[in-house]
Each structure stands twice: as structure tokens, then as C-alpha cells.
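In what follows, a structure is listed as C-alpha cells, so that the remarks can point back to it.
Values in this document were obtained by computation on a predicted structure and should not be read as measured data. Each ligand, and each atom within it, is numbered from 1 in the order the structure gives.
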Amino acid sequence: MMGKPRIAIVGAGLGGIAAALLLRQEGFEATLYEQAPAFARLGAGIHVGPNVMKIMRRLGLEPAMEAMGSHPDYWYSRNWDDGAVLAQIPLGDYARRAYGASYLTVHRGDFHRLMVDAAPAGALRYDKRLVALEDRGPDVALRFADGTEAVADIVIGADGVNSVMREHMLGAEAPRYTGYVGHRAVFPASALARFGMPFDQCVKWWSEDRHMMVYYVTERQDEYYYVTGVPQAEWDMTKAWVPSSQEEMREAFAGYHPMVQALIDACTEITKWPLLERDPLPLWSRGRLVMLGDACHPMKPHMAQGAAMAIEDAAMLARALTVVGAEDHETAFALYRANRIERASRVQKVSHDNTWLRDNEDPSWVFGYDVFTVPLVEPARAA
Ligand code: FAD
């Protein structure tokens, strides 16, 4: 590899775009190839914990994030029918002091847009669906659905749960449907005024086999969001999501607290998504190819840390390539995996079990993590 390596990133989701920005900060140049023709502001919220906000700080995006998101003082967990508080986890000023950055809840589309806008002109190529790649030894050839090709020295697969990179490296295998769906709805908070109830800034309603997570997604707290986890025996794997309805929500949450009923009454546009998983993969990289985020560790969203893990991966990959140097990419990839596998697998497991913050517990192992300062583990010592 002479001079600067040509880095191709497949997929410009939150993990891919973060990788492009972080690599650029370290002096690398990367081109993003995204299958979508454009990005829309899809109806979904996302938690951005202090572990991610430290990465936004490094990118110079922390002030814009602070101005964009809701700043909940607490995460509440409540019992499904009587609303009794099961856990009250301090966030707000406490998070800034204890974990070193803010805890926000934001609109996923706003967060993604901020990062996309931070990418330099020409770094993001839309309408480029990767269909094949070939590691030719000295370089990698990428082929896209529109018939075009590209050549790179390093290829980062940030192409999500149905990753073509993963399939190329490990063979075709569909992700596992977990038997759970997530309903999602974003709606104006003004629609709640008529109920005259004290809605929480950030709350998870729990019963034995289902839940509803609810929070504001804007700094002004004028948009509210809910996302559920509800058992459903089957899912048509040809569909990424389907429309849902208030009737379906009323049935799924029958008997839940009046505040949950009010949320259901307040919003007519609801979508339903399958919750998918994979077992931990035997390898995250091969030769010049490496993966991050949902491509290598998709998980149930029950810790609200899936995107956070993708963004942390991106930061650790940039750190490893900087420490080792891109010419020795295989050593860099081994260092990257060694410093991500344990944490990503633990988050995958806790997300699967859906126990996170149900009771009062110390979340500092997640929120207090700083990907830039955590001491590096040698590959031989990692799992
Ligand atoms: P993705 O976001 O899936 O991005 C992959 C990108 O690659 C996409 O843009 C896609 O179009 C592109 N792509 C795919 N294939 C190709 C191809 N062949 N060629 C080119 N481009 C391609 N996480 C949180 O941190 N907090 C939350 O609150 C949260 N809530 C969630 C709620 C639900 C209901 C669900 C389902 C998930 C939630 N997650 C949450 C998880 C989070 O959405 C994922 O973990 C995260 O999006 C993974 O990021 P990624 O960049 O790895 O992949």
C-alpha cells in the first residue's frame, strides 16, 4: 500500500458515517457507499448515552447534539398497570458529572443528518448497493448493483444486519427472528395535552413479556416517541417493517396504565419492526475486510445501545488503525476486535435478556466508557 490507503465503507448508517468522520480526523480518507438513494427522517428515536457523546465531542458535534436532543433528568422504569416506580436512574447533571458527558434522547433522523452533513462533499455516494467483492491480495474490488466498480485497500462493512460483507466472509445465513417485534411511533407532544397527565421525560413500562419505552426526541420536548417489545410468533423475513395500528397496540397493551393508553390514543401512524439477532460471529475481519456494528453483532434494542456499539466500534477501529498503521491492517483489525468483542458481546447478552435498568443498578460500565482512553488489550489476551 503506497501513500494513503483507499478505504471504502459499505453502508452509511450511524456506524458507517461515524467511521468515515473518525477516520478522517485521524488523517485517513474514506469513501462511503450507501445503497439508499437518499435518507429520510424516519419515525424513530434513539438514546445517545455519555459513551457516545464523548465521540460526538471528538468530532466537534457535541454542541449541536446538546441543542438537538431532550435532556432527561432520570430514566424511570415503571410497573405496567399501577405505574409504581421500579427504578429511577439519575441522568441530567448527574450523568455529566459521573460519566463525563450528557445523556440525550434524540430523533434518529436528526442525529443521522447531523453526521451526514459533517461528511465532506463527495465522501458519500448514494445508490451504491454492494453486490460482490473480491479480495485480490494487493487490493479489493467492489461491485455495485448499478454496474459500477470501485477499488480499495481496506473495506469496512457497516452494512447492517443483512450485511453482504458478512455473507461474503462467512456464507449466507439469515439473521434470527427473536419472536419479538418493536412498534415505533413519533408524534407531536401537543397531542398529549388533552389527557392532563404528567408524562415522564424518559420511561420504560414493564410487564413480564412486553414493554414500552417512551421519551422526547427534541430539546424543546415537542415530539414524543414510543418503541415497544412485544411477542409475535412469526415474521415475514422479506419485510423490513410493516404498518401497525392503534387497534393492534390496544390489544397488545390491554390493561396497561392509563398513561400508556393515552400514548396509544395520541398517535395513528405506527410502524412495526422485527427484532433480529445473530450469535457472536467467529471472525470480524479477514484480509483487507473488516466489519462493525450490526453487520457483526446485531442485537435486540432493549439496552438502546445497538447504534452506540456501532459508533464505539467505529472509534476503536480508527484508533487501532492509527496506533498500528494501515499498512499492517491485519494487526490493526486484530487489535480492534480484541478491544471490542467482550463489550459488544456483553451488551448483546444483556439486550437479549431485557433486564437493563429494570431495577436500580449501576450503569457506569456502559455510560462511563471512553473509547479514546480505555487501556488497549493485546489481541492474544482477548476472548
Ligand atoms: P444500520 O443502521 O443498519 O446501517 C446500515 C447501512 O448500510 C444502511 O444505511 C443500509 O442502507 C446500508 N446498506 C445495507 N446493505 C448495503 C449494501 N449491500 N450496499 C450498500 N449499503 C448497504 N440503538 C441504539 O443505540 N439506541 C436505540 O434507542 C435503538 N433503538 C432501536 C429500536 C428498534 C425498534 C430497532 C430495530 C433498533 C434500535 N437500535 C437502537 C439499534 C440500532 O438501530 C442499530 O444497532 C444500528 O442502527 C446499527 O447501526 P449500523 O450502522 O451498524 O447499521
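Among all protein heavy atoms, the one lying closest to atom 32 (C) of ligand 1 is R184 NH2, 3.2 Å. Nearest to atom 9 (O) of ligand 1 among the protein's heavy atoms is E34 OE1, 2.7 Å.
Inclusion of P274 in the set of residues having an N or O under 3.5 Å from an N or O of ligand 1 is not warranted. The shortest N/O to N/O separation between G306 and ligand 1 falls below 3.5 Å. An N or O contact shorter than 3.5 Å is missing between Y225 and ligand 1 by distance. Checked against a 3.5 angstrom limit, the closest N/O atoms of A304 and ligand 1 fall inside it. Checked by distance only, ligand 1 and H47 come closer than 3.5 Å through their nitrogen or oxygen atoms. In terms of N/O distances under 3.5 Å, ligand 1 is not approached by G293. Here's the thing with G15: one of its N/O atoms is less than 3.5 angstrom from an N/O atom of ligand 1.
Every atom of ligand 1 is numbered from 1 in the order shown, and the set under 4.0 Å from a heavy atom of V164 is 18 (N). Every atom of ligand 1 is numbered from 1 in the order shown, and the set under 4.0 Å from a heavy atom of Y33 is 20 (C), 21 (N). Those atoms of ligand 1 that come under 4.0 Å of a heavy atom in G160, given as number and element, are 3 (O), 5 (C), 53 (O). For ligand 1, the atoms closer than 4.0 angstrom to any heavy atom of R108 are 2 (O), 42 (C), 43 (O), 46 (C), 47 (O). Shown in contact with A308 at under 4.0 Å from a heavy atom are these atoms of ligand 1, numbered in order with element: 25 (O). Set against the non-hydrogen atoms of V10, the atoms of ligand 1 under 4.0 Å away are 19 (N), 20 (C). Less than 4.0 angstrom separates some heavy atom of A158 from each of these atoms of ligand 1: 5 (C), 6 (C), 7 (O).
Nearest-heavy-atom check against atom 40 (C) of ligand 1 across A310, A307, S351 picks out A307.
Nearest heavy-atom pair, R278 versus N162, reported as atom, atom and distance to 0.1 Å: NH2-CA, 4.4 Å.
Between Y336 and W284, the ring centre distance stays below 6.0 Å.
Between the side chains of H183 and Y226, no donor-acceptor pair of N or O atoms lies under 3.5 Å.
The cationic group of R184 does not satisfy the cation-pi geometry with W241, failing either the under 6.0 Å distance to the six-membered ring centre or the 45° limit from the ring axis. Geometrically, K239 does not engage W235 in a cation-pi contact defined by less than 6.0 Å to the ring centre and at most 45° from the axis.
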